[in-house]
Amino acid sequence: MAKLLVKFQRYFRRKPVRFFTLIVLYLTAGSLVFLHSGFAGEPTISENEPNPVDGTSEGTAFQYLGVVQLGRGFKETSEARNSVRRYGPWFKSVSKDTPERNKMGDYGGAWSRALKGRKVREKEEDRAKYIGCYVDSTRRRALRGVSFFDYKKMTVFRCQDNCAERGYLYAGLEFGAECYCGHKIQALNVSESECNMECKGEKSNFCGGVNRLSIYRLELAQESTRRYGSAIFRGCFHRPDNVSLALPVTGVMLNMSVDKCVDFCTEKEYPLAALGGASCHCGFPTTLFTLHEREDEQLCAQKCGGEEFESCGTAEYFIMYQTQVQDNRCMDRRFLPARSKQLIALASFPGAGNTWARHLIELATGFYTGSYYFDGSLYNKGFKGERDHWRSGRTICIKTHESGQKEIEAFDSAILLIRNPYKALMAEFNRKYGGHIGFASHTHWKGKEWPEFVKNYAPWWATHTLDWLKYGKNVLVVHFEDLKRDLFVQLKRMVSLLGTRVFEDRLLCVEGQKDGNFKRSGLRKLEYDPYTPEMRKTISTYIKTVDMALKLRNLTGVPDDYYPR
């Protein structure tokens, strides 16, 4: 035996190619044996599924050959587990519902893709019914409720869920990433082929097209959620001088209730519902009725005829509610028609509300804002100017957190947004560890991250403002707290600096849409003050420095609520 092995060794040493060929053949044979054994076992059959051996039906055996026989080599799909009407790749269904691949190919071509999208829609009809493809435009929306964008993760279900949650009857998707809600469709129906853009979050379905909406009727929207519980109470206001012009639609109801008036104005597609005794008035906020001069609520305290625990106002003092109908007078946005030669900064310390200010500016001017950086999450939520280079000249202003002489002098003018450092630091810490609308965990607040963050960022809060005051050209200072308290006046100042015409009705529209998609809920506030006495002492010094710098330039100092803490 030993002599035989020595002979083989000498032989293969002289002819190595044959040796390697033998090894390859051996491995190939072994692989074939292994694969054969993987498919040779008995298929596992669930107790809930019919056994093909029992002969339950003639077609069942074929179905299980197609789906289950691969069970040893591959995991069984959820579709195979949930439905016995599935066939293997080598068996063709005799059912009329199964597409014939010989005629149409493997879902190739636009028509096959449309059929595939329709099949998905039919599966979803238990919660929403597909209505069709409709015309839409920025000037006159087909659905006039709330809207939101997601240029990365939009799906049909997500849009439907958001609209149903708010009590709307219809959900529409456009441009693959935009979702619109409404109670009434006000547009023309067009060919199905015009809604041909895949959803950004699911390539298997279609989400409208360019100025085209794929609209669904929400079957599961509860009647109770469409009531005034989702409307916003605006307060008590004196009756406008000319009611028929200020609030053009009026209805008289014997058993008046908040429900009835809000539903009436929602059906008429108006964002405001005014209750004045037995009368219900609908309209928009305009210069004739701005909703700026709020009255004592006791002046409106008259019980409703149809609901004794509600106030329905009087003939002289109206109770106002904001309905779910979106005021579209300020929702159209676009890039500047001609490239601007002026670069205007929207400068702020991180956490000072820059994203919110951008939202307000875009609504007020109708033009996109740009950024010194690129934030994909902001672009996906609708800030389309985010992708433009900050020097492109196509955006109305440029977001920046930069400080330092060289960076500041690159801009021709600036809006400098300043916020209480205690609030700004906490907001930026939440963003850093929880995202734009998320929250940092208690572990981060209690760990070493928070003290280190305050140590590094608190001095920057002061130097950022000081640098812009020193090196900036034509700087308009806006305090975040003033913008929240008196949005109309402060936003009017900001728009004037941007060099665009101020339309007061548009600014009034912005007041009704002011929150946007980047506001933290406020439901998850810290139960303790994260600032130590040493931190407060240091930050108070920075506040005094900034306050003095503002006053030296004949500007209003910091608001009183910055200190003491």
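Values below: every heavy atom of this structure, side chains too, minus hydrogens, waters and symmetry copies.
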ask   = Hey, is the main chain of Ser392 close enough, under 3.5 Å, to the side chain of Arg339 for a donor-acceptor pair?
value = yes
task = Could you give me the CA-CA distance, side-chain angles and deciding distance for Cys159 and Cys207, then say whether disulfide (SG to SG under 2.5 Å) is met?
result = CA-CA 10 Å; Cys159 180; Cys207 288; over 6 Å; no
ask   = Where the side chain of Thr532 meets the backbone of Met535, is there a donor-acceptor pair that is under 3.5 Å apart?
value = yes
Residue pair Thr400 / Glu407, side-chain heavy-atom distance below 4.5 Å = no
inquiry  = With heavy-atom distances below 4.5 Å as the criterion, would you say the side chains of Lys473 and Phe411 are in contact?
reply    = no
key: Over 12 non-hydrogen atoms of neighbours within 6.0 angstrom of NZ in Lys268   = no
request  = Decide, yes or no, whether a salt bridge links Asp150 with Lys381 under the criterion of side-chain N to carboxylate O below 4.0 Å.
outcome  = yes
task = List in chain and number order the residues that pass salt bridge (Lys or Arg N to Asp or Glu O under 4.0 Å) with Glu449, two or more places apart in sequence or in another chain; answer none if no residue qualifies.
result = none
message = So, taking the atom named CG in Leu346 and the one named CG in Leu497, what distance separates them when rounded to the nearest 0.5 Å?
response = 10.5 Å
Asn211 side chain to Ser137 backbone, donor-acceptor under 3.5 Å = no
request  = Begin from the C-alpha positions of Leu343 and Trp390 and carry the test side chain to side chain contact (heavy atoms under 4.5 Å, CB included) through to its verdict.
outcome  = CA-CA 9 Å; Leu343 289 176; Trp390 66 280; 4.0 Å; yes
request  = Please report the closest heavy-atom contact between Met197 and Gly176, naming both atoms and the distance.
outcome  = CB-N, 4.3 Å
inquiry  = Arg333 vs Phe367, test: side chain to side chain contact (heavy atoms under 4.5 Å, CB included). Steps then yes/no.
reply    = CA-CA 5 Å; Arg333 286 171 289 176; Phe367 296 115; over 6 Å; no
Residue pair Tyr270, Phe284: steps toward the ring pair (Phe, Tyr, Trp, His ring centres under 6.0 Å) verdict = CA-CA 7 Å; Tyr270 283 99; Phe284 296 94; 5.4 Å; yes
key: Pair Arg485-Asp482, salt bridge (charged side-chain N to carboxylate O under 4.0 Å, His left out): steps then yes or no   = CA-CA 5 Å; Arg485 190 164 37 242; Asp482 292 340; 2.7 Å; yes
ask   = When you look at Arg212 and Asp136, which way does the side chain to side chain contact (heavy atoms under 4.5 Å, CB included) test go after all the steps?
value = CA-CA 5 Å; Arg212 296 294 182 267; Asp136 192 35; over 6 Å; no
message = Once you measure the plane-to-plane angle for Phe289 and Phe237, does it fall in the parallel (<30°), tilted (30-60°) or perpendicular (>60°) bin?
response = perpendicular
inquiry  = Quick check for you: to the nearest 0.5 Å, what is the distance between Leu425 atom CG and Trp460 atom CH2?
reply    = 10.5 Å
inquiry  = Please give me the minimum heavy-atom distance between Leu507 and Ala364, naming the atom from each residue.
reply    = CD2-CB, 3.7 Å
inquiry  = Between Gln326 and Tyr180, do the side chains contain a donor N or O and an acceptor N or O under 3.5 Å apart?
reply    = no
message = When you compare the side chain of Asn420 with that of Pro559, does any pair of heavy atoms fall below 4.5 Å?
response = no
key: Student check: side-chain heavy atoms of Leu360 and Val510 closer than 4.5 Å   = yes
message = In terms of relative ring orientation, are His444 and Phe429 parallel, tilted or perpendicular, with 30° and 60° separating the classes?
response = perpendicular
query = So how far is it from Ile232 CD1 to Gln322 CD, rounded to the nearest 0.5 Å?
reply = 4.5 Å
inquiry  = One thing to verify: whether Asp332 and Arg506 come together as a salt bridge, which I'm taking to mean a side-chain N less than 4.0 angstrom from a carboxylate O.
reply    = yes
query = Charged N to carboxylate O under 4.0 angstrom, Asp467 versus Lys470?
reply = no
message = Can you confirm whether more than 12 heavy atoms, excluding those of Arg294, are under 6.0 Å from its CZ atom?
response = yes
query = Does Leu498 reach the side chain of Ile415, with side-chain heavy atoms less than 4.5 Å apart?
reply = yes
request  = Apply the test disulfide (SG to SG under 2.5 Å) to residues Cys195 and Cys133: give CA-CA distance (whole Å), side-chain angles for both, the deciding distance (0.1 Å), then the verdict.
outcome  = CA-CA 6 Å; Cys195 287; Cys133 184; 2.0 Å; yes
inquiry  = How close do Arg419 and Trp461 get, counting heavy atoms only, and between which atoms?
reply    = O-NE1, 3.0 Å
message = Would Val325 and Cys265 count as a side chain to side chain contact (heavy atoms under 4.5 Å, CB included) here? Give the steps.
response = CA-CA 9 Å; Val325 177; Cys265 292; over 6 Å; no
key: Reported CZ-to-NE2 distance for the pair Phe349 and His464, which is rounded to 0.5 angstrom   = 8.5 Å
ask   = So, do Glu511 and Pro285 sit near enough that their side-chain heavy atoms are less than 4.5 Å apart?
value = no
task = Indicate yes or no for a side-chain donor-acceptor contact from Glu362 to the backbone of Thr369 under 3.5 Å, with no hydrogens or angles considered.
result = yes
ask   = What's the shortest heavy-atom distance between Leu336 and Thr395, and which atoms?
value = CD1-O, 3.4 Å
message = Can a side-chain donor-acceptor contact be found between Tyr134 and Glu174 if the only test is distance below 3.5 angstrom?
response = no
inquiry  = On the six-membered ring of Tyr531, is Arg536 placed so that its NZ or CZ lies under 6.0 angstrom from the centre and within 45° of the ring axis?
reply    = no
request  = Could you tell me whether the side chain of Lys203 and the main chain of Glu198 form a donor-acceptor pair under 3.5 Å?
outcome  = no
key: Heavy-atom donor-acceptor pair, Trp468 side chain to Glu402 backbone, under 3.5 Å   = yes
Lys/Arg N to Asp/Glu carboxylate O, Glu428 vs Arg431, below 4.0 Å = yes
message = If I compare all heavy atoms of Ala357 with all of Leu417, which pair ends up nearest, and what's the gap?
response = CB-CD2, 3.9 Å
request  = Taking only Lys NZ, Arg NE, NH1 and NH2, and the carboxylate oxygens of Asp or Glu, determine whether Glu386 and Lys399 approach each other closer than 4.0 Å.
outcome  = no
query = Are there more than 12 heavy atoms of other residues, nucleotides or ligands under 6.0 Å from atom CZ of Arg553?
reply = yes
message = Ring-plane angle category for Tyr151 and Tyr379, please: parallel below 30°, perpendicular beyond 60°, tilted otherwise.
response = tilted
key: Closest contact, heavy atoms only, Asp327 versus Cys509   = O-SG, 3.3 Å
message = Is it the case that the side chain of Arg144 and the backbone of Arg141 share a donor-acceptor pair, with hydrogens and angles ignored and the cut-off at 3.5 Å?
response = yes
ask   = Rounded to the nearest 0.5 Å, how far apart are CG of Leu173 and CG of Asn205?
value = 8.5 Å
query = For Phe175, does the CZ atom have more than 12 heavy-atom neighbours from other residues, nucleotides or ligands under 6.0 Å away?
reply = no
ask   = So how far is it from Ile543 CD1 to Tyr422 OH, rounded to the nearest 0.5 Å?
value = 4.5 Å
query = Can a salt bridge be assigned to the pair Lys384 and Glu178 using a cut-off of 4.0 Å between side-chain N and carboxylate O?
reply = yes
query = Under the ring pair (Phe, Tyr, Trp, His ring centres under 6.0 Å) criterion, do His183 and Tyr168 qualify, and how do the steps go?
reply = CA-CA 6 Å; His183 290 286; Tyr168 287 102; 5.0 Å; yes
inquiry  = Parallel, tilted or perpendicular, judged at 30° and 60°: which one describes the rings of His479 and Tyr562?
reply    = perpendicular
request  = Determine, step by step, whether Cys179 and Cys163 satisfy the disulfide (SG to SG under 2.5 Å) criterion, reporting the C-alpha distance in whole Å, the side-chain angles of both residues, the deciding distance to 0.1 Å, and the verdict.
outcome  = CA-CA 9 Å; Cys179 176; Cys163 293; 3.9 Å; no
